[in-house]
Amino acid sequence: MSILSEATEIPRKTMIMFFLIDTSGSMEGEKIASLNDAMRETIPDIKDISDGNADALIKIAVLDFASGTEWITPLPQDFDTFRWQDLEAGGVTDLGEACLELNSKLNRNSFLQDKVGNYAPVIILMSDGAPTDDFNGGLAVLKQNKWFGAAIKIALSIGQDADNDVLAEFTGNRELVIPIQNKAAMKRMIRFVSVTSSRIGSAKAGDGFGHEAKEQQIVAEIQAERQELDPEENIDEGW
């Protein structure tokens, strides 16, 4: 048999999707239940995008923060084997500590050690309140991280009490802070933001399609999706 007739799998770079999820006490009840449902339904969609991408293997890393932080995924995990485990809510909102913990993993000695290489990550932050620790100090450290600077960063602002100024500081772009006011919007937007950012973030860069172009495309697609929300999904209250 000719060597050329044998199928050869070309190694793919890895793109990690980081989910930073606020599980403080204010998320208890319908908010955390809706978030769990949305994430469980979204995982197969991202797996399909990863399976169909010849250039990038997408992996997931989940950080739970409340009174302290915990990695639900001790290492980034393939979507082929990942199964969502429901999160529970309780405690305060240690977002500053979450920033420091994320910073500790965004390097080639930790989560970004793929031998073939890594695409810039996607980082999705979900929160419904204000930080209760030294957020500014934690973010200042994180902003020195070059991987964080290159990442696509999106924040889901859940309910009326979320601090959008804080979330905008995290993303570096207020247009990437997405308000979520009820259960219907929660499910729809978690799925849409996750799928859209995984698809665009894992696209091969080139011909002007770099970080800024990817971010602009995500902003445009999110804005278009929000305009398509039904009135019941787009109301300003509901939690």
Side-chain angles (χ1 to χ4, degrees), residues 17-49 58 60 62-66 72 79 82 84-90 93 95 98 122-131 151-201 214-239:
M17 292 194 70
F18 287 88
F19 290 89
L20 277 60
I21 299 178
D22 178 356
T23 56
S24 60
S26 56
M27 285 287 291
E28 192 172 13
E30 192 174 65
K31 289 180 184 178
I32 197 67
S34 298
L35 187 151
N36 283 324
D37 288 344
M39 289 299 299
R40 192 180 304 106
E41 293 171 7
T42 297
I43 297 304
D45 295 322
I46 305 176
K47 176 184 179 300
D48 288 344
I49 292 171
I58 304 175
I60 185 171
V62 182
L63 179 65
D64 166 352
F65 68 93
I72 306 304
F79 279 89
F82 180 75
W84 183 258
Q85 300 295 319
D86 283 355
L87 302 177
E88 297 181 356
T93 309
L95 182 53
V122 168
I123 303 170
I124 299 176
L125 169 64
M126 306 182 199
S127 182
D128 76 330
I152 292 170
K153 300 174 284 286
I154 303 171
L156 299 183
S157 170
I158 302 170
Q160 296 290 322
D161 296 327
D163 191 328
N164 290 334
D165 291 335
V166 162
L167 298 180
E169 280 289 321
F170 183 89
T171 64
N173 184 344
R174 189 169 288 273
E175 291 184 299
L176 289 172
V177 177
I178 316 301
I180 303 292
Q181 301 297 352
N182 55 47
K183 180 179 179 179
M186 168 88 85
K187 284 194 170 185
R188 180 165 177 166
M189 293 309 296
I190 284 180
R191 179 185 180 279
F192 184 83
V193 165
S194 300
V195 169
T196 301
S197 61
S198 65
R199 171 174 53 81
I200 296 173
K214 287 183 176 184
E215 185 174 281
Q216 290 170 2
Q217 183 174 345
I218 289 174
V219 167
E221 293 195 23
I222 289 173
Q223 289 177 341
E225 179 68 10
R226 289 182 62 194
Q227 290 177 357
E228 294 295 323
L229 289 173
D230 295 331
E232 290 185 357
E233 296 174 311
N234 205 28
I235 58 176
D236 291 333
E237 58 185 63
W239 292 113

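Source: prediction; values computed, not measured.
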Q.
Is any side-chain heavy atom of L87 closer than 4.5 Å to one of M27?
A. no
Q) Which residue pairs pass the ring-ring contact (aromatic ring centres under 6.0 Å, His included) test with at least one member in residues 156-193, sequence neighbours excluded? A) F148-F170
Q | V166 vs L95, side-chain contact (heavy atoms from CB on, under 4.5 Å): CA-CA, chis, key distance, verdict | A | CA-CA 10 Å; V166 162; L95 182 53; 3.8 Å; yes
(Q) Can you confirm whether Q223 is buried at CD, in the sense that more than 12 heavy atoms of other residues, nucleotides or ligands lie under 6.0 Å from that atom? (A) yes
Q: Calculate, to the nearest 0.5 Å, the distance between atoms CD1 and CZ belonging to I154 and F19 respectively.
A: 9.5 Å
Q. Given W84 and V62, is the side-chain contact (heavy atoms from CB on, under 4.5 Å) satisfied, shown in steps?
A. CA-CA 10 Å; W84 183 258; V62 182; 4.0 Å; yes
Q. For D48, what residues pass the salt bridge (Lys or Arg N to Asp or Glu O under 4.0 Å) criterion, not counting sequence neighbours?
A. none
Q. Which residues satisfy the side-chain hydrogen bond (donor to acceptor under 3.5 Å, both in side chains) test with S24, sequence neighbours excluded?
A. D22, S26, T93
**Q.** Non-hydrogen atoms of S157 and A162 that approach each other most closely
**A.** OG-CB, 3.2 Å
Q: Please round to the nearest 0.5 Å and tell me the distance separating atom NZ of K187 and atom CZ of R40.
A: 9.0 Å
Q.
For the CD atom of E88 and the CD atom of E28, what is their distance to the nearest 0.5 Å?
A. 9.0 Å
**Q.** Sequence-distant partners of Q85, side-chain contact (heavy atoms from CB on, under 4.5 Å), two or more places apart
**A.** R83
Q: With the side chain counted from C-beta on, respond yes when L35 and L156 share a heavy-atom pair under 4.5 Å apart, and no when they do not.
A: no
Q. So do the side chains of M126 and M186 get within less than 4.5 Å of each other, counting heavy atoms only?
A. no
(Q) Could you work out, with salt bridge (Lys or Arg N to Asp or Glu O under 4.0 Å) as the rule, every residue matching K47, not counting sequence neighbours? (A) D51, D80
**Q.** Set of side-chain hydrogen bond (donor to acceptor under 3.5 Å, both in side chains) partners for E215, sequence neighbours left out
**A.** N173
Q. Considering all heavy atoms of both residues, which atom of I58 and which atom of S198 are nearest to each other, and what is their separation?
A. CD1-O, 3.9 Å
Q. What residues, two or more places apart in sequence or in another chain, satisfy side-chain hydrogen bond (donor to acceptor under 3.5 Å, both in side chains) together with Q216?
A. none
(Q) Among residues at least two apart in sequence or on other chains, which ones pass ring pair (Phe, Tyr, Trp, His ring centres under 6.0 Å) with F65? (A) none
Q: Can you measure from CG (D37) to NZ (K183) and round to the nearest 0.5 angstrom?
A: 6.5 Å
**Q.** Minimum side-chain heavy-atom gap I200-E221 below 4.5 Å
**A.** yes
Q | Nearest atoms (heavy-atom pairs only) where G201 meets I152 | A | CA-CD1, 3.7 Å
**Q.** Results of salt bridge (Lys or Arg N to Asp or Glu O under 4.0 Å) for R174 - residues two or more places apart only
**A.** D165
Q. Can you tell me how far the CD1 atom of I21 sits from the CD1 atom of I158, to the nearest 0.5 Å?
A. 8.5 Å
Q: Applying side-chain contact (heavy atoms from CB on, under 4.5 Å), name anything that partners R191, two or more places apart in sequence or on another chain.
A: T42, D45, V195
Q.
For a 4.5 angstrom cut-off between non-hydrogen side-chain atoms, does I222 reach I218?
A. yes
(Q) Let me confirm one number: the CE-CD1 distance from M17 to I124, rounded to the nearest 0.5 Å. (A) 4.0 Å
**Q.** Flag side-chain contact, heavy atom, 4.5 Å: R188 against E225
**A.** yes
Q) Closest approach of I43 and F82, non-hydrogen atoms and distance? A) CD1-CE2, 3.8 Å
Q. Mind checking what makes salt bridge (Lys or Arg N to Asp or Glu O under 4.0 Å) contact with D128, not counting sequence neighbours?
A. K31
Q. Closest approach of A98 and L63, non-hydrogen atoms and distance?
A. O-CD2, 3.7 Å
**Q.** Residues forming a side-chain hydrogen bond (donor to acceptor under 3.5 Å, both in side chains) with E169, sequence neighbours excluded
**A.** K143
**Q.** Beyond-backbone contact of L125 with K153, side-chain heavy atoms, under 4.5 angstrom
**A.** no
Q) Of all heavy-atom pairs between S194 and S197, which one has the smallest distance, and what is that distance? A) O-OG, 3.2 Å
